[in-house]
Amino acid sequence: MIPRLPGPLVLVGLGGLGTPAAAALVQAGARHLRLIDDDHVELSNLPRQPLYGTDDLGRLKVDAAADRLRAAANDAGLALEIIPSRLGPDNADTLLGDAVAILDGTDGVTSKLLLNEAAIRHHIPLVHAGAVGTDGQLVTILPGETACVRCLFPDLRETDELATCQQSGILGPVVGAIGLRMAAEALAIAAGRRPELAGRLAMLDGVRLRWRTIELRRNPRCPTCA
Ligand SMILES: [Zn+2]
């Protein structure tokens with residue numbers, strides 16, 4: 001049971017990670033979500049983004065996702081905030097500052113660092129995730145307590161774009177599994193429990209279907225959270 005929350009669970013990116021996470025949150029009873037994405041549904045999205053169908057091609061992802069989530073909730077109690085914008089430095093504080101938790105379903109270094117910095121600045125738990133090829137990973141950051149994204153990659157620059165799923169391909173079941181665990185982490189936060197992956201990086205090998213988890217240490221010289 002999820003108590004009434006003081007703010008939304010914020011999903012940034014409604015792609016392969018964000019759509020299974022959003023569906024799982026609503027099915028588990030989350031009733032206040034903010035969906036942020038400025039992309040439109042494309043044919044190549046359909047195999048791994050379960051909220052969209054062929055009728056949605058060309059629509060804004062936030063609109064198509066909202067229709068499906070409202071149908072899944074099957075009642076009037078679902079508060080959905082639809083933000084068809086790209087998250088950037090100019091709107092991050094407004095869109096993230098009141099979040100109960102932030103779920104990172106984005107693809108790219110710039111947005112991941114931006115989310116990390118905003119989460120630390122506003123002291124909001126961040127469920128950070130990524131997937132490329134047949135591998136996926138996630139970790140929950142509790143600001144002031146656990147390692148942040150910068151602690152892990154102190155030298156990462158915004159120009160160091162990692163291989164993205166557009167370049168490397170991606171396995172649908174891997175993002176689905178990572179997305180579901182993202183939802184489980186956010187639900188634990190919403191219920192006032194400590195998320196299982198607070199400060200622990202879970203990595204999924206999608207070929208062997210094996211999870212591995214490692215403890216993360218804070219970096220005392222981290223430029224973001226130290
Ligand atoms: Zn840090």
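Note that the structure is a prediction, hence the values are computed from the model and not measured. Heads up: numbering here begins at 1 and tracks the sequence. All values below were derived from every heavy atom in this structure, side-chain atoms included, with hydrogens, water molecules and symmetry-related copies excluded. Numbering of ligands and ligand atoms starts at 1, following listing order.
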Exercise for the section: Among L152, T146, I141, find the one that has a side-chain contact (heavy atoms from CB on, under 4.5 Å) with L216. Expected result: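 Result for side-chain contact (heavy atoms from CB on, under 4.5 Å) with L216: L152.
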
Handout entry: Those residues that, when tested against Q27, pass side-chain contact (heavy atoms from CB on, under 4.5 Å) (two or more places apart)
Key =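 By the side-chain contact (heavy atoms from CB on, under 4.5 Å) rule, Q27 matches no residue at all.
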
Exercise for the section: Provide the protein N, O or S atoms situated under 2.8 Å from the Zn ion (ligand 1); waters are not included. Expected result: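 Near the Zn ion (ligand 1), the protein supplies C148 SG, C151 SG, C222 SG, C225 SG.
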
Exercise for the section: Mind jotting down which residue pairs meet the salt bridge (Lys or Arg N to Asp or Glu O under 4.0 Å) criterion with at least one end in residues 84-106? Sequence neighbours excluded, please. Expected result: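 Residue pairs with at least one partner in residues 84-106: R34-D98, D38-R86, D93-R121, D104-K112.
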
Practice task
Sort and list the pairs that fulfil salt bridge (Lys or Arg N to Asp or Glu O under 4.0 Å) and have at least one residue in residues 195-208, not counting sequence neighbours.
Solution key: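 Residue pairs passing salt bridge (Lys or Arg N to Asp or Glu O under 4.0 Å), neighbours aside: R181-E196, R200-E215, D205-R208.
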
Exercise for the section: Work out which heavy atom in M182 is nearest to a heavy atom in A21; give both atom names and the distance. Expected result: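 Heavy atoms of M182 and A21 come nearest at CB-CB, 4.3 Å.
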
Practice task
Evaluate the side-chain proximity of R150 to I120: yes if any heavy-atom separation is below 4.5 Å, no if none is.
Solution key: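 No, their side chains stay 4.5 Å or more apart.
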
